[in-house]
Participant: 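Have a look at this one.
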Amino acid sequence: MVTALARIGDFGLFCVRVGRSTFRHRPPIARSIEEAYHIGFRSLPILLVISAFVGTNLALQGYNAFVPLGGQRLVGMFIALAGVRELAPIMVASMVAAKAGTEMASQIAVMRIQEQIDALEVMAIDPHWYLVVPRFVGICLVLPALTMISIFTLVLASYLVSVYQLGLNGPEFIQLASATTRPVDLWYCVLKAFAFGIVICLVSCYYGFTTRPGPSGVGRATNAAVVVSAVVCSLLNYVMSEILFG
Amino acid sequence: MVIDSLAGIGRFGVFSWSVATRVVTPYWEIDETARHTWEVASRCAMPVVAVVFPFGMVMALQGLSIFDLFGAQRLLSSLVSVAVFRELSPVLASTLVAAQGGSAFAAELGAMRISEELDATEIMAIDSLRTHVVPRFMAAVIAAPALNVIGCLAGITGGYVTAVWVKGQPSATYWDNLWELTHPADIYGGTFKALVFGVLIGLIACYQGYHATGGAAGVGKAVNDTVVISITTFIIVNYFLTSAMFGAITN
């Protein structure tokens with residue numbers, strides 16, 4: 001109990017240090033763009049695959065849920081509500097946590113156990129500024145873009161399933177989906193993506209910094225990073241949905 | 001590049017076959033299996049509840065805004081149950097088994113591989129697949145359906161909290177429609193899905209760890225690849241399972 005509280009306090013201090021390093025020095029622009037490229041580019045293929053298949057299943061189950069009502073035409077609307085508003089942002093966040101987040105945690109953890117972080121401090125380079133800030137800026141730049149790409153893929157895949165597998169009317173699907181999605185909904189998705197990006201980056205880097213020694217310590221830090229960021233993101237998702245859409 | 005990935009698929013096939021033959025033939029490491037199963041299940045139980053519960057709440061929140069149009073709010077619980085039993089609970093429970101259990105298996109086996117403990121086991125004429133891989137594989141296969149049950153309960157409760165406490169729907173309607181409109185097939189189907197996902201996670205995690213190379217960074221990479229590859233694989237498999245099983249039920 002006490003150790004859990006101590007961990008939370010430690011995490012808070014870590015966030016404060018990262019925040020201070022972000023504003024005290026100029027962020028390393030070139031490295032931030034490099035990180036953004038890595039995070040975005042590495043996560044993109046897997047994200048496309050997952051968005052597409054979540055879209056297909058959403059269409060199938062939405063159809064099954066509305067058939068008893070005779071409301072199967074409303075699949076387009078269901079996609080806009082469940083897919084665009086809810087699933088796409090949280091899905092992107094969990095995949096980026098699973099891919100980029102674990103990479104951050106394991107890279108930083110390996111640097112920690114090989115004492116490279118201590119070496120940075122010896123050279124009077126702030127390790128938070130050098131290691132965390134570029135990842136932080138990178139993930140904030142790229143996560144909203146990934147969310148938009150994922151929304152597009154998800155809607156496209158569910159359109160294809162609705163029209164070709166379930167035999168629904170295509171123009172009607174498009175019309176219902178676009179009537180349900182207000183432009184401001186997309187901005188809310190961007191807002192969610194920012195929040196999830198901040199959570200993922202801080203949690204993953206924190207677990208990397210505080211790893212225990214040895215290969216199993218690195219594995220454990222990587223593991224904890226993805227689970228904790230997924231749990232925090234899905235709790236945050238409900239709170240944000242209730243505030244923004246409730 | 002192409003040859004490499006084909007060779008990887010072939011190695012994975014051989015690995016799966018060797019695991020499968022050891023699963024069906026004695027001797028079984030029952031104690032080890034129970035220990036790993038308990039470890040995965042107990043470590044995942046809280047995260048599964050913490051993730052599926054808010055998803056149930058979100059489903060109810062968005063579902064209500066659709067059913068409001070028909071004035072059919074009473075059917076809300078059937079939407080929540082379809083979404084949770086068939087899709088959300090199996091997928092999210094398995095995602096967490098992959099993220100917690102699968103990555104732990106890959107990390108443990110990878111650490112054993114690079115510190116040459118697995119080689120040491122082989123030299124002592126002990127079958128490392130039977131003693132170290134099969135118990136972990138079976139743990140994933142048992143834990144995923146078990147956690148799916150916990151996830152179903154959490155999701156339905158989450159939907160209840162939003163519908164009844166937050167949005168003020170009548171509580172009795174929620175439960176009545178839930179029992180009336182949920183087919184037993186939804187629950188068996190979801191559990192069967194979780195079982196299939198557990199098999200995939202177990203095989204992929206153990207394969208990644210068993211074949212890890214390249215020091216501490218290599219173990220980190222194996223852990224990372226395990227989570228990503230197993231989640232992608234079972235989401236793709238999920239589409240075909242849904243089309244095959246639930247497509248048939250409604251028609």
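Below, chains carry the letters A, B, ... as their sequence lines are ordered, and counting in each starts from 1.
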Participant: Hey, could you give me the CG/CG distance between A/Asn223 and B/Asn224, rounded to the nearest 0.5 Å?
Facilitator: 11.5 Å
Participant: Could you pull out the closest heavy-atom pair between A/Asn57 and B/Tyr239, with the gap in Å?
Facilitator: OD1-CA, 3.2 Å
Participant: Taking CZ in B/Phe192 as the centre, count heavy atoms belonging to other residues, nucleotides or ligands within less than 6.0 Å. Is the count above 12?
Facilitator: no
Participant: With a 4.5 angstrom heavy-atom cut-off, is it the side chain or the backbone of A/Ile113 that approaches chain B, or both, or neither?
Facilitator: side chain
Participant: Output, in order, the C-alpha distance, side-chain angles, deciding distance and verdict of side-chain contact (heavy atoms from CB on, under 4.5 Å) for B/Thr162 and A/Tyr238.
Facilitator: CA-CA 10 Å; B/Thr162 301; A/Tyr238 175 71; 3.7 Å; yes
Participant: Can you sort out the partners of A/Ala52 under side chain to side chain contact (heavy atoms under 4.5 Å, CB included), two or more places apart, ordered by chain and number?
Facilitator: A/Thr153, A/Ala157
Participant: Check each atom of B/Lys167 against the heavy atoms of chain A and say whether the ones under 4.5 Å are side chain, backbone, both or neither.
Facilitator: side chain
Participant: By a 4.5 Å heavy-atom criterion (distance strictly below it), what part of A/Leu60 contacts chain B: side chain, backbone, both, or neither?
Facilitator: side chain
Participant: Just give me the residue among A/Leu81, A/Ile90, A/Val218 that pairs up with chain B most often, heavy atom to heavy atom, under 4.5 Å.
Facilitator: A/Leu81
Participant: Mind ranking A/Gln107, A/Met95, A/Gln114, A/Gln165 by heavy-atom pairs under 4.5 Å with chain B and telling me who comes out on top?
Facilitator: A/Gln165
Participant: Tell me, do B/Arg43 and A/Val227 make a side-chain contact under 4.5 Å, heavy atoms counted?
Facilitator: no
Participant: Is A/Leu58 in contact with chain B via its backbone, its side chain, both, or neither, using a 4.5 Å heavy-atom distance?
Facilitator: neither
Participant: Go through the atoms of A/Val49 and report whether side chain, backbone, both or neither lie under 4.5 Å from a heavy atom of chain B.
Facilitator: side chain
Participant: To the nearest 0.5 Å, how far apart are CZ in A/Phe53 and CD1 in B/Ile235?
Facilitator: 10.0 Å
Participant: For B/Val223, is it the side chain, the backbone, both, or neither that has a heavy atom closer than 4.5 Å to a heavy atom of chain A?
Facilitator: side chain
Participant: Run the side-chain donor-acceptor check on residues 46-66 of chain B: report pairs under 3.5 Å with partners two or more places apart or on a different chain.
Facilitator:
| from | atom 1 | to | atom 2 | distance (Å) |
| --- | --- | --- | --- | --- |
| B/Gln62 | OE1 | A/Arg85 | NH1 | 3.2 |
| B/Gln62 | NE2 | A/Glu86 | OE2 | 2.6 |
| B/Ser65 | OG | B/Gln62 | O | 2.7 |

Participant: How would you list, in number order, the residues of residues 103-120 of chain B that have a heavy atom less than 4.5 Å from chain A?
Facilitator: B/Ser103, B/Ala104, B/Ala107, B/Ala111, B/Ile114
Participant: Out of A/Val161, A/Val231, A/Val232, A/Asn237, return the one with the most heavy atom pairs under 4.5 angstrom to chain B.
Facilitator: A/Val231
Participant: Hey, which of A/Glu242, A/Met77, A/Arg220 has the most heavy atom pairs under 4.5 Å with chain B?
Facilitator: A/Glu242
Participant: To the closest 0.5 Å, what do you measure between OG1 (B/Thr242) and CG (A/Asn64)?
Facilitator: 9.0 Å
Participant: Identify which part of A/Ser106 has an atom lying under 4.5 Å from any heavy atom of chain B, answering side chain, backbone, both or neither.
Facilitator: side chain
Participant: If we only count heavy atoms from C-beta on, is the B/Gln100 to A/Val226 side-chain gap below 4.5 Å?
Facilitator: no
Participant: So which part of A/Ser241 gets closer than 4.5 Å to some heavy atom of chain B, the side chain, the backbone, both or neither?
Facilitator: both
Participant: Taking CZ in A/Phe245 as the centre, count heavy atoms belonging to other residues, nucleotides or ligands within less than 6.0 Å. Is the count above 12?
Facilitator: yes
Participant: Using the side chain to side chain contact (heavy atoms under 4.5 Å, CB included) criterion, which residues pair with B/Thr95? Sequence neighbours excluded.
Facilitator: B/Val91, B/Ile231, B/Phe234
Participant: Which region of B/Ser78, side chain (C-beta onward) or backbone (N, CA, C, O), has a non-hydrogen atom less than 4.5 Å from a non-hydrogen atom of chain A, or is it both or neither?
Facilitator: neither
Participant: Please classify the contact of B/Leu75 with chain A as side chain, backbone, both or neither, using a heavy-atom distance under 4.5 Å.
Facilitator: side chain
Participant: Counting heavy-atom pairs under 4.5 Å to chain A, which of B/Val228, B/Val82, B/Val227 comes out on top?
Facilitator: B/Val228
